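Following: one structure in structure tokens, then a few remarks.
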2 protein chains.
Amino acid sequence: MAEQSEPTRRAPLSRDRVLRTAVARADAAGIGSISMRGLAQELGVVPMALYKHVANKDELLDGMVDLVIEEFDPPADGLDWKAGVRSRVLSARRAVLRHPWARLAIESRTRRTPTVLGYMDSLAGAFRGGGFSAHLTHHVMHALGNRIWGFTPELFDEPRGDDALPPTAEEQEAMAREFAQRYPHILEIAMAATDGDLSGVGGGCDEQFEFEFALDLLLDGFERLQRQGWVRRPG
Amino acid sequence: MAEQSEPTRRAPLSRDRVLRTAVARADAAGIGSISMRGLAQELGVVPMALYKHVANKDELLDGMVDLVIEEFDPPADGLDWKAGVRSRVLSARRAVLRHPWARLAIESRTRRTPTVLGYMDSLAGAFRGGGFSAHLTHHVMHALGNRIWGFTPELFDEPRGDDALPPTAEEQEAMAREFAQRYPHILEIAMAATDGDLSGVGGGCDEQFEFEFALDLLLDGFERLQRQGWVRRPG
DNA sequence: TTGACAGGTGTACATCGTACACCTACCGTG
DNA sequence: CACGGTAGGTGTACGATGTACACCTGTCAA
């Protein structure tokens, strides 16, 4: 009786609840922690129950990505194309940084859900509104690539999940010497990025700066082409 | 006896043979077809035998990527930095196109093997040799991002492995109408890219052109910064 | 002759996605 | 009120995967 009279022994499942739980789990424990079984357990339900709400794991992932995209700020008005695109992309970046797993998830899927298409369409609209030809809009969207999602492949990142024992001081010294010999330019870059303090290289990059540096470089390039009257490729 | 006297009943395993077989298999059947078990079978060997030559599957993938990188052309001499970087990146692209799985493999791994580091170091050297400060070199490498490997995330790609039944003519018509309403700018772009022939959108993009368009846009931007005497970020 | 060791084997386990048949509670219709 | 369809949750089962661990075997140096 005690059990029966409890008003809702378990909140009923729904696609939305499944997706939101998955997002929360991924936020906390990484995308690798998402399994149909684990997720079901967290929802107090048998694994197969999820399949009544999402077709399969791929669709689950797509849905999670959609939720992130829905966090993007709506377009602000009163901005010219350049400021508009810039602010939208940086807003996308903020959302993706809130959900670190999203970068990998976006990279690995190619499903064009309505949410994805909607975002792309509205970005394209910003360029068109700024006087870009359809052709030029096409090319600049390609040039932005995944940067429209607010991230760059982070070339100099720490390797993911490297949990070897930290090397001893002398091992470290020896590695550093060999590294300096084999990769002098990378060393130089790393020194520049960290102002000479190499402890924790990789964490030394200011990713936000790098992102905006590249974004502005591209936007400036776009602007120049558009002003020059670039309309479509010759031939 | 017949069996014993056969000179080599099976070519002996080696790390190299394992990796090359894996690359060939991935070339033929995609990265998804790479499993330790399948690979072992192809080599006429029990799965665990592979572990005497590669530490685990991750290392196998890293090794495969290294093989692709080793196909990149060596730096040509007599070129200025811009032509040099351009030709190296385009050479990387040719190699990656030869091994279509490599794009995904490179995106998903972050291990910096000596081969990876060597390539990055030599690219960085090209910029340094062209008069770029270490700081600027760092930033432009970030700006290139995965483009140094010769690919862009292909925003408008066909979704991978969509094997649903082809829609009927009327379904197609209805979808097209709805699409046009919801995503007018994407439609416009697609029309531009395909010169009005929408059959097989997505295949309509000239990826090579898009790649070079973006690459040159970036390289021109780099050149401009370098000429302006950009050395390091203020502050 | 011996014994170490590199390289190949066999068994076993945990984990995963998901197909399929089933049950059950509800709700609109007769 | 009876009833039948249906949405949603259950249980069992299968095949695949990566890989730990103990084992065997052939080769070669001492």
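Just so it is clear, the structure is predicted and the values come from calculations on it, not from any experiment. Chain identifiers are assigned alphabetically (A, B, ...) following the order of the sequence lines, protein sequences preceding nucleic acid strands; residue numbering begins at 1 within each chain.
More than 12 non-hydrogen atoms from other residues, nucleotides or ligands lie less than 6.0 angstrom from CD of A:Gln208. More than 12 heavy-atom neighbours from other residues, nucleotides or ligands sit within 6.0 angstrom of CD on B:Glu70.
The ring-ring contact (aromatic ring centres under 6.0 Å, His included) search around A:His99 returns A:Trp101, not counting sequence neighbours. The side-chain contact (heavy atoms from CB on, under 4.5 Å) test applied to A:Ala92 returns A:Phe72, A:Tyr119, not counting sequence neighbours.
Between A:Phe209 and B:His139, the distance separating the two ring centers is shorter than 6.0 angstrom.
Protein atom CG of B:Leu39 is 13 Å distant from nucleotide atom C1' of D:dG18, rounded to whole Å. Rounded to whole angstrom, the span from the CD atom of B:Glu59 across to the C1' atom of D:dG18 amounts to 15 Å. In this structure, the CG atom of B:Leu50 is 13 Å from the P atom of D:dT17, given to the nearest Å. Rounded to a whole Å, the CD atom of A:Gln41 is 16 Å from the C1' atom of D:dG9. Separating the CG atom of A:Leu43 from the C1' atom of D:dG9 is a distance of 13 Å, rounded to the nearest angstrom.
Phosphate contact (OP1/OP2 of C:dA6, side-chain N/O of B:His53, threshold under 4.0 Å): absent.
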Spell out protein contact along nucleotides 16-23 of chain C as letters: B when the base is contacted, S when just the sugar-phosphate is, - when no protein heavy atom is under 4.0 Å; keep the 5' to 3' order. BBBBB---

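Side-chain contact, B:Thr113 with B:Asp62: no donor N or O sits under 3.5 Å from an acceptor N or O.
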